[in-house]
Amino acid sequence: MIARRRLGRSRRGSLLAETAMSAAMLIIAMSLITRVVGWTAADRRNLDRRQWAVQEAANLMERLTARPFESLTTDSVKDATLSPEAVRTLPDATLNVEVVDHDPAGGDDSKRITIGLRWRARSGDWDAPLKLASWVYRRKGGPR
């Protein structure tokens, strides 16, 4: 009987120590999960901005390639701007549109259109720029 009492007394307070250890482990796990969720949300916002930039550049490229071949010049594309939604979504966005006549890669009857778009990331640094290029060819045998 004395042996049983000693065993019972030696276990007193062990539940309190286990509970404190479990609470500490839970706090550590929750803080790690909070950080991971924060990083994931930031990456998702960056991905959303990049997708918005790709779509904006693709829409602009589509509008430019639909123009008549003769009217497509660097001066005529200087008025190209981003949509108001893109300006709100992409902080400090800078758009650069260039048209090159007689591009060697496309041949004599071609023009290369290059669209460059960059914006600032959350940190304030420039995010990786987006570049899009396309060639437009003069139609042979008929008006465009």
Side-chain angles (χ1 to χ4, degrees), residues 4 6-144:
R4 287 173 113 182
R6 286 188 182 172
L7 285 177
R9 288 183 183 204
S10 66
R11 295 206 25 103
R12 280 191 183 173
S14 64
L15 183 60
L16 182 61
E18 289 173 356
T19 304
M21 192 75 95
S22 298
M25 290 172 56
L26 183 63
I27 289 170
I28 291 170
M30 288 176 59
S31 67
L32 289 175
I33 288 171
T34 302
R35 285 186 181 184
V36 169
V37 168
W39 292 333
T40 304
D43 283 347
R44 182 64 193 174
R45 281 190 298 272
N46 288 338
L47 180 62
D48 287 343
R49 283 185 181 138
R50 179 150 299 275
Q51 286 178 336
W52 193 275
V54 167
Q55 189 64 45
E56 189 72 20
N59 289 343
L60 179 59
M61 183 65 79
E62 188 174 344
R63 288 193 306 270
L64 293 176
T65 56
R67 291 184 181 184
F69 184 82
E70 288 75 22
S71 69
L72 194 58
T73 63
T74 300
D75 292 335
S76 69
V77 298
K78 291 240 188 255
D79 61 343
T81 59
L82 297 172
S83 68
E85 293 85 10
V87 171
R88 277 194 310 271
T89 304
L90 304 171
D92 295 331
T94 304
L95 179 67
N96 182 23
V97 181
E98 181 182 355
V99 177
V100 176
D101 291 332
H102 310 297
D103 183 57
D108 288 337
D109 285 340
S110 71
K111 293 182 180 184
R112 184 185 72 213
I113 305 169
T114 307
I115 297 175
L117 181 59
R118 67 180 191 162
W119 60 95
R120 293 202 183 270
R122 260 183 95 193
S123 64
D125 296 332
W126 289 106
D127 206 344
L130 174 75
K131 291 203 174 203
L132 189 62
S134 181
W135 282 261
V136 178
Y137 296 91
R138 183 188 318 270
R139 284 197 173 180
K140 297 190 181 192
R144 182 164 177 199

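Counting from 1, the numbers follow the sequence of the chain as shown.
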Interatomic spacing from CG in Asn96 to CD1 in Ile115 - rounded to 0.5 Å
10.0 Å

Distance from Ser83 atom OG to Gln55 atom CD, nearest 0.5 Å?
10.0 Å

Take Glu56 and Glu85, measure what side chain to side chain contact (heavy atoms under 4.5 Å, CB included) needs, and give me the verdict at the end.
CA-CA 10 Å; Glu56 189 72 20; Glu85 293 85 10; over 6 Å; no

CD1/Ile113 to CG/Leu132 distance, rounded to the nearest 0.5 angstrom?
9.5 Å

Nearest 0.5 angstrom please: Asp101 CG to Phe69 CZ, how far?
7.0 Å

Nearest 0.5 angstrom please: Ile27 CD1 to Met25 CE, how far?
12.0 Å

Between Trp52 and Ala86 the two heavy atoms that sit nearest each other are NE1-CA, 3.0 Å

Please round to the nearest 0.5 Å and tell me the distance separating atom OG1 of Thr40 and atom CZ of Arg35.
13.5 Å

Just list the side-chain donor-acceptor pairs under 3.5 Å for residues 124-131, sequence neighbours left out, or say none.
residue	atom	partner	partner atom	Å
Asp127	OD2	Trp119	NE1	3.3

With sequence neighbours left out, what residues match Asp92 under side chain to side chain donor-acceptor pair (under 3.5 Å)?
Arg120

Note: Arg122 and Ala42 closest approach over all heavy atoms is NH1-CB, 4.0 Å

What pair of heavy atoms forms the shortest contact from Ser71 to Ser76, and how long is it?
O-OG, 2.9 Å

Please report the C-alpha distance between Gln51 and Val54 in whole Å, then the side-chain angles of each, then the deciding distance to 0.1 Å, and finally whether the side chain to side chain contact (heavy atoms under 4.5 Å, CB included) criterion is met.
CA-CA 5 Å; Gln51 286 178 336; Val54 167; 5.7 Å; no

Please name the pair of heavy atoms, one in Leu72 and one in Val99, separated by the smallest distance, quoted to 0.1 Å.
O-CG1, 3.7 Å

Does CD belonging to Glu62 count more than 12 external heavy atoms closer than 6.0 Å?
no

For atom CZ of Arg45, is the number of surrounding heavy atoms from other residues, nucleotides or ligands below 6.0 Å larger than 12?
yes

Give the intermediate values and the outcome of side chain to side chain contact (heavy atoms under 4.5 Å, CB included) for residues Leu95 and Leu60.
CA-CA 11 Å; Leu95 179 67; Leu60 179 59; 3.8 Å; yes

Do Ser110 and Arg138 have side chains that approach each other closer than 4.5 Å (heavy atoms only, starting at C-beta)?
no

How close do Asp79 and Arg67 get, heavy atom to heavy atom, and via which atoms?
OD1-NH2, 4.0 Å

